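Here is the structure we will look at, set down as structure tokens.
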There are 2 protein chains.
Amino acid sequence: MKNYAELWIGYGKRTRTKGTDCLKKIRLSGVPGSDRVLRSAVKELQTGLQSMLEITPEITFGAAEEQPPAQSGAQILDRETVRVSLEGEGLTISSKSGAGIFYGVCDVLRTVACEGDIRETYAAGKTLRPSNPLRMLNHWDNMDGSIERGYSGKSFFYVDNEIVLDERTVDYARLIASVGINAVVINNVNVKDAASYMITDRYFEKLARLGEIFADYGIRLFLSLNYASTIEIGGLRSADPLDEEVIAWWKDKMAEVFTKIPTLRGFLVKADSEGRPGPFTYGRTQADGANMLADIAKEYGGIIIWRCFVYNCRQDWRDRKTDRARAGYDNFKPMDGDYHDNVILQIKNGPMDFQIREPVSPLLGGLTKTNQMLEVQIAQEYTGHQIDVCYLIPEFREILGFHTFCCQGPDTVADIISGETFGSRYSGIAAVTNTGNDFNWTGNYLAGANLFGFGRLAFDTSLSSEQIAEEFVRMTLSQEDEVVRTILEILLPSREIYERYTSPLGIGWMVQPATHYGCSVDGYEYDRWGTYHRADHLGIGVDRTDKGTGYALQYHEPNASVYNSPEKCPDELVLFFHHLPYTHVLHSGKTVIQHIYDTHFEGYEEAQQLAAKWESLKGRVDEEVFENVRERFERQLANAREWCDQVNSYFYRKSGIPDEKGRQIW
Amino acid sequence: MKNYAELWIGYGKRTRTKGTDCLKKIRLSGVPGSDRVLRSAVKELQTGLQSMLEITPEITFGAAEEQPPAQSGAQILDRETVRVSLEGEGLTISSKSGAGIFYGVCDVLRTVACEGDIRETYAAGKTLRPSNPLRMLNHWDNMDGSIERGYSGKSFFYVDNEIVLDERTVDYARLIASVGINAVVINNVNVKDAASYMITDRYFEKLARLGEIFADYGIRLFLSLNYASTIEIGGLRSADPLDEEVIAWWKDKMAEVFTKIPTLRGFLVKADSEGRPGPFTYGRTQADGANMLADIAKEYGGIIIWRCFVYNCRQDWRDRKTDRARAGYDNFKPMDGDYHDNVILQIKNGPMDFQIREPVSPLLGGLTKTNQMLEVQIAQEYTGHQIDVCYLIPEFREILGFHTFCCQGPDTVADIISGETFGSRYSGIAAVTNTGNDFNWTGNYLAGANLFGFGRLAFDTSLSSEQIAEEFVRMTLSQEDEVVRTILEILLPSREIYERYTSPLGIGWMVQPATHYGCSVDGYEYDRWGTYHRADHLGIGVDRTDKGTGYALQYHEPNASVYNSPEKCPDELVLFFHHLPYTHVLHSGKTVIQHIYDTHFEGYEEAQQLAAKWESLKGRVDEEVFENVRERFERQLANAREWCDQVNSYFYRKSGIPDEKGRQIW
């Protein structure tokens, strides 16, 4: 009996996998037998093959070479590359690192689980080279056990301000390493209260042990840092990055922390953001703050990841000049080149905050001399709280494939964060994770596809959304072809469907304040967060062109001209960049208002179809799994209906323009 | 040095009071010297005269007659009437009860505090007869110390689920008795969790002592009851009022409770309301539920006060037929005459929920064979959270003076709740109180006027808003005539000003959901609470006429016809009863839209004027008092500005009709 809560490492029995004879002899090459990750790889290989195929492989070890720790992203990529090939009767997996071997093992196990042909897959040899040096998950877990924007129960790291280490911790490390994650931040970027004290004696011992668990799976440990620690736990009066006392305090503290947590690789910092303290308080730049910490951490090989989420969160809705979208670029671009080489700027995918549709942040590619890391969110804060199904990989692929035109050569977001475009010392991709202590990790079983998919895509940005989804389903939920096809039909269009029944044409928001679930068209319209749709009787949208806030001009050409023009701007972003009359005709040939009506009716109808598809799986997937998702679809439909009706009523009541098709608007 | 936190019983020195010689000899007559309230009256008299005038009166006691406890409202009125008259050189205060004597004493002390002429005031003799038998405060204090809709700190009755008895408890009893309050419910009508256990051994001893403290001041103790107690603490499966087991449980429980808390006079029950359990769950009527409890309580002279706040709080905003406004009448009118004579129905002043302007509930006077009690709210839930100044007495006077046309004779709300109209056995008025453990009881000093004023008006419904306000100011804040006049200029128009900058023309709501402070025009528009304004591009308002929900017809004629007609309906309620185009011309000669613009600009401007008036008092009122109110005015202005701008922007954006005067709309 398969344990579905183990998700894709449940390793249920497989009967259709072909060419499995080569799995009886496996040679792991390139890494000393003493390597900790190699040992994990061996265990995983044995468990997986035994469990799925009842094969106990004969494992041998090839020539090994001890490698010094990687000092750059390029070195990480080099070390973590793995080659899997048929050699003689058996399979050889070779890499310069235990982590590479582990990824090779997981590739083999994945092929088994998906019932591929092992011999054929590896006949010509298969090289897996990670696309990104850092492939990271960010936990927004608080020390009290709550999770900010968590929709899968409570934290499995913390209970009542204590760190918990148990079997589940190891399972978690296995789970994420198996899809290629190699770094994790284990506490909320909003470091408040007790959590500030993560870097004090109280936690060192358990953090050290936690770091060892992760290290066994090639995962680097990072901590979120309270920028004001010098004040809050240091007893100083300042957190000025140029203040000698401040610097001295951090020197002592970093020495202590890196010594007591030997696996620690660095820190994530949210400074000057949404009420958090930061260098701006002292008239210093973000670079001053980041560099101060980075210079001290350097001695220990430490990295400072600095979030670019800095904007005025006390804006006046009457003010049409200030534009939150501009803030990231305005705050960080001027110091491009000033950040030291062990600083990475972590940039949200869009200029706002993980809406279902945003343009790609102009900082990505806007910065040309700074280490960059992309931040996405698989916690479904604005995308349905893991109640509504919303498979996000298609969105992430769009983002990664976006041409920034930052140079003549490789210029996509994927190119930039791989380190290739600018030869960055460090780079990568991070996701705010969607996990919690729910027994199946992500609440909704289908939300597991985003955890799986993020890891897979981070490791290999060339994978298609379909392939990733199919791997997830076959490894986790079912091997029956028709069931697999049905679940793919649910996952693949789910993001566009969610977009259709929520906020239209890239304008975003329209959500219930605070919770961010459910519709409230004016919920943020008269608030202080810089998130407005500016709808009136005649039209809707924010003018971010050269005649408006000028945000469109933060892009390289030709993106700037495209976004700046209501004619050229892609439909799906047109209200993000332009204030348009309801009667404006889109590329689709529809007016804005008719687009709103049509997409909302369609979106709700399509959501119903997804639910019906799931319903058709009754008796064909595990009952627990079926019921888990069915119950959520029920809530999704209620949500989709509210969105559809409220948005349509709102715009009908405001514009007075009837639906061409005469459907029911309330 | 006066302690302003003692409010109107601070008894600071008075120098201008005239005719005080008669205060040296005071005769208290009609009540045995052993009477507990008489003893309190003597103490109050001594404290007050000593403190204000340095007079130590010679107190003598006149003929006394022991009275049996009052068995009806009429008897209460009779017992609590008091006569104060000059007799010989001294003053005689005579009543059939200690409470009456106490009220007489307080009248004398008030006259002293307001620097009147004692001799002249009582020369011809002055009889004070309460207008209402029950004059009650309802506390929404929770056992954990929080207060639902409390804006003056935490509960002074409960800390961490324990009852607190201290000096402040006595001060509170004095404070409210001094303005004529004679009954109090000390726990939240939403009785949940631990609070259900108020009627178990854990609390009896302290409740008994608390009841004694109140009894010393003629205040009757009531408790809110969880209707489902049989299930929650009784271990039964049912709360069906006709179930014999349920009845038997309540018989035992009531015997226990009334025995262990000898001063207890009865219970307040919120059943079948906003998720609370009730008789509807068992297919029984509200009368079934109330009568079952009342029949059992009868043996102990107990009264059951049953709230009429029963409506569908899971309404669909798309549904235009269901009307929350109708619910009270629809649910309670059919059983008129069925309620036993120790049941009182407690009816909110309006059909919705304490909005700044509502029509009077049609249940008042709609019921003709049932004991009725009016419920108002001095906790400023929808009227500014005791941040914004909103003196509510003018509103309460309008309500009390409303002609219900329920009969040929005395037909106002005041007549009905006095018991006169229908010869009711019990009746009265209750206010949800605005107190908390803030050192000055009501947070904002000016909010004290509502606590004072409610008591005064409940005792004597013929008092004017001006007189009450002036008494409050002179007793509490200042005796300087110009200061008094300035504060009156702030208090008296404050309710209309608050109305002007908030929701227009009786439509109500438009508040931030949950908190109920601050503007959110659509905040409740697409929600489940039955609270809609139905604004679209052309017009706004709810059609509650015979062509709409029919609510207007719940009134007696001619009220029904007046409300049913957009031409006859008073402007201030016109959007409550009618959906009208923005271009509809009001009695004022203005269109609806222009009225919205004008009142909002004016309301904000007037709020600024109020703040400026207060500013002019710097140095002329106590500094602590000045700063307390000044800080709140600052927040009121921010609030008023948001209301003004958001409402105007909302309706301008929706209607497309510009302001005639071309003022700034965002």
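These numbers come from a predicted model, not from an experiment. When reading the values below, keep in mind they use all heavy atoms of this one structure, side chains included, and skip hydrogens, waters and symmetry mates.
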Exercise for review: Kindly give the heavy-atom pair with the smallest separation between A/Arg320 and B/Trp666, and that separation in Å.
Suggested key: NH2-C, 4.3 Å
I need the [X] [atom1] to [Y] [atom2] distance, nearest 0.5 Å.
| X | Y | atom1 | atom2 | value |
| --- | --- | --- | --- | --- |
| A/Glu642 | B/Asp527 | CD | CG | 8.5 Å |
| B/His537 | A/Leu538 | NE2 | CG | 8.0 Å |
| A/Asp645 | B/Tyr526 | CG | OH | 10.0 Å |
| B/Arg318 | A/Gln646 | CZ | CD | 7.0 Å |

Point to revise | Contact check, side chains of A/Glu525 and B/Tyr650, non-hydrogen atoms, under 4.5 Å | key: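 No, their side chains stay 4.5 Å or more apart.
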Exercise for review: Let me know if B/Asp319 has heavy atoms under 4.5 Å from chain A in its side chain, its backbone, both or neither.
Suggested key: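 No part of B/Asp319 comes within 4.5 Å of chain A.
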Review point. When heavy-atom pairs shorter than 4.5 Å are enumerated against chain B, which of A/Gln664, A/Gln512, A/Lys654 gives the highest number?
Key: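 Answer, by heavy-atom pair count under 4.5 Å with chain B: A/Lys654.
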Check your understanding: Who among A/Ser520, A/Gly523, A/Ser649, A/Cys519 has the most heavy-atom pairs with chain B under 4.5 Å?
Key ->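 Highest number of pairs under 4.5 Å: A/Ser649.
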